[in-house]
Engineer: 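Structure incoming, see below.
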Amino acid sequence: MAMLEVRDLHVAFPKGKKTEVEALRGVDLTLEKGERLGVVGESGAGKSMLAFAILNLIAEPGRVSRGSVTFHGENLLDLSERDIRGIRGNRISMIFQDPMVTLNPVLTIGTQMMETLRAHRRISDAEARKLCIEGLKQVAIPSAESRMEAYPHELSGGLRQRVVIAIALLTDPELIIADEPTTALDVTIQAEIMALILKLCRENDVALILITHDLGVVAEVTEKLMIMYAGKCVETGPTRQIIDAPTHPYTSGLLKALPQNAGRGTRLYQIPGSMPPITALPTGCAYHPRCERATERCKAEIPQLDGRVACFHPLNTAEEVQ
Amino acid sequence: MTGPIVETKGLEVRFPLPTHFLSREKPMLHALNGVDVAIQPGESFCVVGESGCGKTTLGRAIMGLLEPSAGEIYFKGQRIDGMDETTRKPIRRDMQMVFQNPYASLNPRRNVFETLAEPIRHLMPEKSTSEVRQQVEDVLAATGCDPSWQRRLPHEFSGGQRQRIAIARALVTNPAFIVADEPISALDVSIQAQILNLLTDLQAERGLTYLFITHDLSVVEHFGSRVAVMYLGAMMELAEAETIFETPKHPYTRLLLDAIPKLEGGSFDKPRTPGELPDPVNPPPGCPFAPRCPMAEARCRSERPKLRTLDNGTQAACHFAE
Ligand SMILES: Nc1ncnc2c1ncn2[C@@H]1O[C@H](COP(=O)(O)OP(=O)(O)OP(=O)(O)O)[C@@H](O)[C@H]1O
Ligand SMILES: Nc1ncnc2c1ncn2[C@@H]1O[C@H](COP(=O)(O)OP(=O)(O)OP(=O)(O)O)[C@@H](O)[C@H]1O
Ligand code: SF4
Ligand SMILES: [Mg+2]
Ligand SMILES: [Mg+2]
């Protein structure tokens, strides 16, 4: 059995008195120990919903309306709040775009790290302190000892995010879910932090779900990839394969639209229109109004994921190449 | 016209910071430290650099939205810094800005027609009501906005649509020069391509000159004619866009290029030395980049390197660039 198995996950929000809209419309994923998965999609595609739903953290009025999240054989969605706390922030750590979601502004870095560590296991103050300083050094924070006494506002955005990573690693997690961990940071700081996450995951055999809208970042860091569109996974498979030979027209369009894939001064390939809001999904394939391969069937029927792609007319497939 | 359309000489901008009540010192934040640019008509002059390096400040100073502390600014050969509002009015028509955040830059209570009519009424008071209406309709058509948008409010539009409206507003007085401050950073990949194409088309149709501010070097490679790399309020390198990617001369430019995540991968595998931006209130005495520079020697920490022209025509501010 895989370490993490997500099956047919749906998240719904009430719309008016009687109806609901779905932010997640049936997502599956499998993650083995130490595997790194990238989740890519445009704003509103449901990436954060997926992360929150896996941790059973969907806030009211939203709810997981269907599906299961099995972690080592146990459905996290059935656990009591008390039991899931033993997993969340422990065996599964989270890193969010805004480090202040994790950090408490009125506590020093040291206090917060010691609390996390001591909630996780019984050790002496001196021992905990030593491990925290080691943790800060591991994420390349200069003068780690004195930073223990610092408050979050005394650190730059890049340093704060490194502290969050240090905290995420304190509990020796098996899985890290990182939701746009570097989107708010400069490119050079992003490169440092992603290089660090990659190295730590590799060295400690930690699995990673990396949520981002940047295909370059997933290409650098992950081995598996999932492309989301309007609450569904439209394509999934090995990262390299998808980037080299995308099969979903949306994935292909995204890659072609990148400036690095266009000649200097030429017009860029552009996908017309924009992703529909979840309250106004078109019939059939949600991508059909923007798709250059769409046929009548695409307007009427919803394509299901066949292991790799959810599309009636995929590209780069065996038949396509013949 | 011969000569640059926009030129700055020794441009400095300092912001006074709140004084500590016990201290007699007046701390100053050095946002721009002697910037010289000469932007030629019809080009896309790109400014890149990390958060806080002074990109927006440069754009705003050129637009006359803030007063420089020292230096000179010329527009079409005429000196415009320190000009009073009445004299500046005809010039404002000719230079416009697209602001960094498409969500904050449009007045939420003003419909699209009012948003677009306001600059004409203010800067071209000679226009009749029907001429204003015509000009608004023309600019909507030119920027790919639907005529039916005119009576709608900003919150009814997506990010990409709002950015089109912001571009339409900048163009409505038929300017020759546009400062575009991170016009695509807040947008999704598929929408970024639409807006970049729009800017390219408008430039071809109207012979526009752009000062294009971005932190994304892959956009510069596609879109830019020349590029200025800024660090801590100063120009580190100025080169043809084609040249800078082939032969970056400044160590900071190399650091930036190395940090770009690539579809081929490999960027995040190298170990990276963590770097923090120096404090713009107390900039280092020598080269501003010295504290992060892998090549720095004693001379770099005491003597500030001047921008020099190298054999290949690139200008770089590094003692060791050649
Ligand atoms: N409280 C809510 N009520 C109704 N719909 C919601 C609510 N919160 C989120 N949504 C919707 O759920 C969908 C998925 O949102 P989600 O935050 O997962 O997107 P995302 O892919 O993480 O986007 P981003 O890249 O902007 O973070 C969006 O269409 C959003 O509008
Ligand atoms: N009105 C102001 N008062 C005081 N300091 C300011 C003001 N505007 C900008 N600064 C400071 O000037 C420096 C340059 O800011 P600027 O906004 O030009 O940077 P930027 O390169 O545009 O950054 P970003 O990429 O984050 O937009 C920063 O240190 C900023 O904090
Ligand atoms: S199912 Fe049809 S509309 Fe949807 S992506 Fe495939 S070809 Fe395009
Ligand atoms: Mg999100
Ligand atoms: Mg800015």
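First the proteins, then the strands, lettered A, B, ... as listed; each starts at 1.
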Engineer: Side chain of B/Asn197, backbone of A/Arg267: donor and acceptor closer than 3.5 Å?
Structural biologist: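 Not confirmed, B/Asn197 side chain does not pair with A/Arg267 backbone.
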
Engineer: Among B/Val219, B/Asp201, B/Asp258, who wins on heavy-atom pairs under 4.5 Å with chain A?
Structural biologist: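 Highest number of pairs under 4.5 Å: B/Asp201.
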
Engineer: Apply ring pair (Phe, Tyr, Trp, His ring centres under 6.0 Å) to B/Phe157 and list each qualifying residue two or more places apart in sequence or on a separate chain.
Structural biologist: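 Partners of B/Phe157 by the ring pair (Phe, Tyr, Trp, His ring centres under 6.0 Å) criterion, ordered by chain and then number, come out as B/Trp149.
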
Engineer: What I'd like to find out is whether the side chain of A/Val187 reaches to under 4.5 Å of the side chain of B/Ile260, using heavy atoms alone.
Structural biologist: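 They are not in side-chain contact.
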
Engineer: Considering residues at least two apart in sequence or located in another chain, which fulfil the side chain to side chain donor-acceptor pair (under 3.5 Å) criterion with A/Thr236?
Structural biologist: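 Per chain and number, A/Thr236 pairs via side chain to side chain donor-acceptor pair (under 3.5 Å) with no residue.
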
Engineer: Can you tell me which of A/Arg290, A/Arg240, A/Met275, A/Gln190 forms the most heavy-atom pairs within a distance under 4.5 Å of chain B?
Structural biologist: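 The answer is A/Arg240.
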
Engineer: What pairs with B/Phe45 under ring pair (Phe, Tyr, Trp, His ring centres under 6.0 Å), at least two apart in sequence or on another chain?
Structural biologist: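 Once residues adjacent in sequence are excluded, B/Phe45 has no partner under the ring pair (Phe, Tyr, Trp, His ring centres under 6.0 Å) criterion.
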
Engineer: Can you say whether A/Val218 sits under 4.5 Å from chain B via the side chain, the backbone, both, or neither, judging by heavy atoms?
Structural biologist: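 Neither part; nothing is under 4.5 Å.
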
Engineer: Please look at A/Ile193 and chain B and tell me whether the side chain, the backbone, both or neither of the residue comes under 4.5 angstrom of a heavy atom of that chain.
Structural biologist: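 Contact with chain B is absent: no heavy atom of A/Ile193 under 4.5 Å.
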
Engineer: Check for a donor-acceptor pair, side chain of B/Gln194 on one end and backbone N or O of A/Gly273 on the other, with a separation under 3.5 Å.
Structural biologist: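 Between the backbone of A/Gly273 and the side chain of B/Gln194 there is a qualifying donor-acceptor contact (under 3.5 Å).
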
Engineer: What residues of residues 204-214 of chain A make heavy-atom contacts with chain B at a cutoff under 4.5 angstrom?
Structural biologist: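 The list, in residue order, reads A/His213, A/Asp214.
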
Engineer: If you define the side chain from C-beta out and look only at heavy atoms, does anything of A/Thr266 sit under 4.5 Å from B/His222?
Structural biologist: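 Yes; the side chains approach each other to less than 4.5 Å.
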
Engineer: Less than 4.5 Å apart, any side-chain heavy atom of B/Leu263 and any of A/Leu258?
Structural biologist: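 Touching, per the 4.5 Å side-chain cut-off.
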
